[in-house]
Every structure is written in C-alpha cells, then in structure tokens.
Amino acid sequence: MGEKLIPFSRGSKWGYVDKEGKVVINPQFDYAYPFFEGLAVVNIGGMKLGLKYRPPVGGKWGYINKEGKVVINPQFDYAYPFSEGLAPVKKDEKWGYINKEGKVVINPQFGEAYLFSEGLAGVKKGNKWGYINKEGKFVIKPQFDYAYLFSEGLAGVKKGNKWGYINKEGKFVIKPQFDDVGFFSEDLAPVKKNEKWGYVDKEGKVVITPQFDYAYPFSEGLAGVNIGGRQFGHPGGILIKGRDKLGINLPFFDFPRGIYREGGILFGKWGYINKEGKFVINPKFDYAYPFSEGLAVVQDGGLWGHINKEGQNFKIKFD
C-alpha cells in the first residue's frame, strides 16, 4: 500500500529506507507514516509515551515529499495519509480534509474521519458513522456504530455489535452477522466469526471456513493468515517490531483499514493461502504482510525481508 519507501526509526527519530534497506531520508522526524500518493505524514515536536511504534503525543503533523522536503507545514493535531487527492486532518478536536497544496477543502467538523476510497469517506458525526463525498456532503447518513473503507463497491459497517457490508446507497447487501470484517479484494473479504477468521464472497456466502486466528485480504491471489496467534487491542492492526543492527524499527500499520491503529496479533505463525483455502506457503513466519508486485514483507527468526510467491528470496534483512 505504501510506495517503496519504508519508515524506520533510529534512536528517537524517524526517516525512510528503500526496499533494499538503504537510507533515503535521514532520521529527523518524531514519527513517520509510509508514503501515499507521493507524500508522507510526519510529526515534529511530539513526545513519545509507551511503545516506540505508537504515534507520539503532542507536536504537529505535516507532509513531506520523497526528497524529505516539507511541502505542507506541520500544523495539524493529527493527520492521515492522502488517498484520492485528499487527506483527513485534525484541528481543534475536529476532523476535516485538505488537498495536496495544504488547503482545507472540507472544514473540520467530524469527530473522526477516514481516508477516501471509491469517492466516499467514512466519518463520525455525533455518535454515528456515515459517508461523505468530496464536497463534504453526506451521501449515506450517519447511522452506523463504525464504518470502514469502500472496496469493490462494498464497505464493512458495524450495527449494534455485529458487522456486515453495505453498498454505496447505504443498503445492506450482507446483513450484520460477523464479529469483525476486512475489505473486499479479488471478490473475497476476510470475516471473523466465533473467534476465527475465514472468507466470504459478495453474496455473503462462506467460501473459506473460519479457521484462522487472523486473516488479511487477498492480494495477487494469495492471503496472509495467522495460526496460533492472539489478537490484542483494536482489531486489524499488526505490530511490527523488526530492528536491524543500526537500530532500525518498522511501525504499526493496519492494512485492512489503510491507517495506523493500536493493536495487533501476538504469537502464532503466518503463512499464505490460495482461494481454495489451502496453504501454498506454510505458516512459518513470525509476521507476514500482503503481496505487492510479486513480493511480500515477512519476519522470520527476528529478520525482516521480502519473499516471492514460492516463499523464498529475502531481499532486505532487518534484525
């Protein structure tokens, strides 16, 4: 989901390495997101509390380009990456959206706000979630207890204590029945039921029986799944704690949501399944990310690297 520059920390500062592990932007920020649409969110002046990988408290958030130059001055209380030309930003306890020139295009007015996807963004107004368009107008009125990104025409939403999927008219096409959900990719979506993850199609039919302790969406015909793990914190996050001899760390990143979250999967092993639910790369990794351009980032025995679809060929090594 990022753009081949990976945020890392050395000491108390964050910078970026390329996919070969070479430092491209020297550590100088107090926190850093991956690059999206050519820009990355960074924090200046924040104070670290708790785990190193969590965003800092205080300071201001702005945006840099791939040369490490600040292109939108740090001025926001919090900020998310760009998606479809707009980014959610927080100011004075409210969320709105800016464009890539840093101009506010949707005034801060929401309690929470997510990235735009397929022309819509989930936002919280009062105590309910709905979806707005790029003019900031509600096209699906606030009525849900939580709302995720649209993908392949559907979005996971929570009603009461169960999750289902709606279309862009705001109508349920898969009724709320799951404990948690991910987004649709390649016509399938990971869903959680009775503490296990499996996959459903767009009619809500179970295609791969819930049997995994965590499951990513499919990417390039394969999906990363966890066996024997234990989820903690907000569902969906993955705790990455790789570190090389120079003190390089990789951050929390929540692929299903497209944003950072506190939470993750502890223990167990990760492997990759095909759409028949069969392992094509056996569970042997400590962590595993989705495939992109034929490679996936995994951790094995404290080392981070890229594997191919045969499960071989480390490209980068962090320890």
Report yes if the side chains of [X] and [Y] come closer than 4.5 Å at any heavy-atom pair, otherwise no.
X    : Y    : value
P176 : K159 : yes
R10  : K13  : no
K90  : F76  : no
N167 : F150 : no
D201 : D187 : no
L115 : P81  : yes
W61  : I44  : no

Might you point out which heavy atoms bring [X] and [Y] nearest each other, and give the distance in Å?
X    : Y    : value
E84  : K134 : O-NZ, 3.0 Å
G311 : K284 : O-NZ, 4.1 Å
Y16  : V41  : OH-O, 4.0 Å
V181 : G156 : CG2-CA, 3.9 Å
A79  : V89  : CB-CG1, 4.0 Å
W270 : Y287 : CD1-CA, 3.5 Å

[X] side chain to [Y] main-chain N or O, any donor-acceptor pair under 3.5 Å?
X    : Y    : result
E37  : G85  : yes
D179 : N194 : yes
E186 : G221 : yes
E118 : E152 : yes

List the steps, then state whether side chain to side chain contact (heavy atoms under 4.5 Å, CB included) holds for V200 with V207. CA-CA 5 Å; V200 296; V207 176; 5.8 Å; no
Nearest-0.5 Å distance, [atom1] of residue [X] to [atom2] of residue [Y]:
X    : Y    : atom1 : atom2 : value
W129 : D145 : CH2   : CG    : 11.5 Å
E276 : K278 : CD    : NZ    : 7.0 Å
L188 : K202 : CG    : NZ    : 9.0 Å
I64  : L39  : CD1   : CG    : 9.0 Å
K91  : K60  : NZ    : NZ    : 7.0 Å
K124 : F110 : NZ    : CZ    : 13.5 Å

Pairing donors with acceptors under 3.5 angstrom, does anything connect the side chains of Y148 and D180?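 Note: Y148 and D180 side chains meet the donor-acceptor criterion.
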Does K141, at its NZ atom, have more than 12 non-hydrogen atoms belonging to other residues, nucleotides or ligands within less than 6.0 Å?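 Atom NZ in K141 is not crowded, with 12 or fewer foreign heavy atoms closer than 6.0 Å.
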Candidate pair W197 and Y214, rule ring-ring contact (aromatic ring centres under 6.0 Å, His included), full reasoning: CA-CA 6 Å; W197 287 82; Y214 192 76; 5.1 Å; yes
Could you walk me through whether Y272 and F291 pass the ring-ring contact (aromatic ring centres under 6.0 Å, His included) check? CA-CA 10 Å; Y272 293 87; F291 273 88; 4.9 Å; yes
Which of D286, N282, N226 passes side chain to side chain donor-acceptor pair (under 3.5 Å) with K269? Answer is D286
With side chain to side chain contact (heavy atoms under 4.5 Å, CB included) as the criterion, how do F212 and I227 come out once you've worked through the C-alpha distance, each side chain's angles and the decisive distance to 0.1 Å? CA-CA 6 Å; F212 309 109; I227 298 288; 3.6 Å; yes
ring-ring contact (aromatic ring centres under 6.0 Å, His included) for Y80 and F36? Distances and angles first, verdict last. CA-CA 10 Å; Y80 285 146; F36 286 80; over 10 Å; no
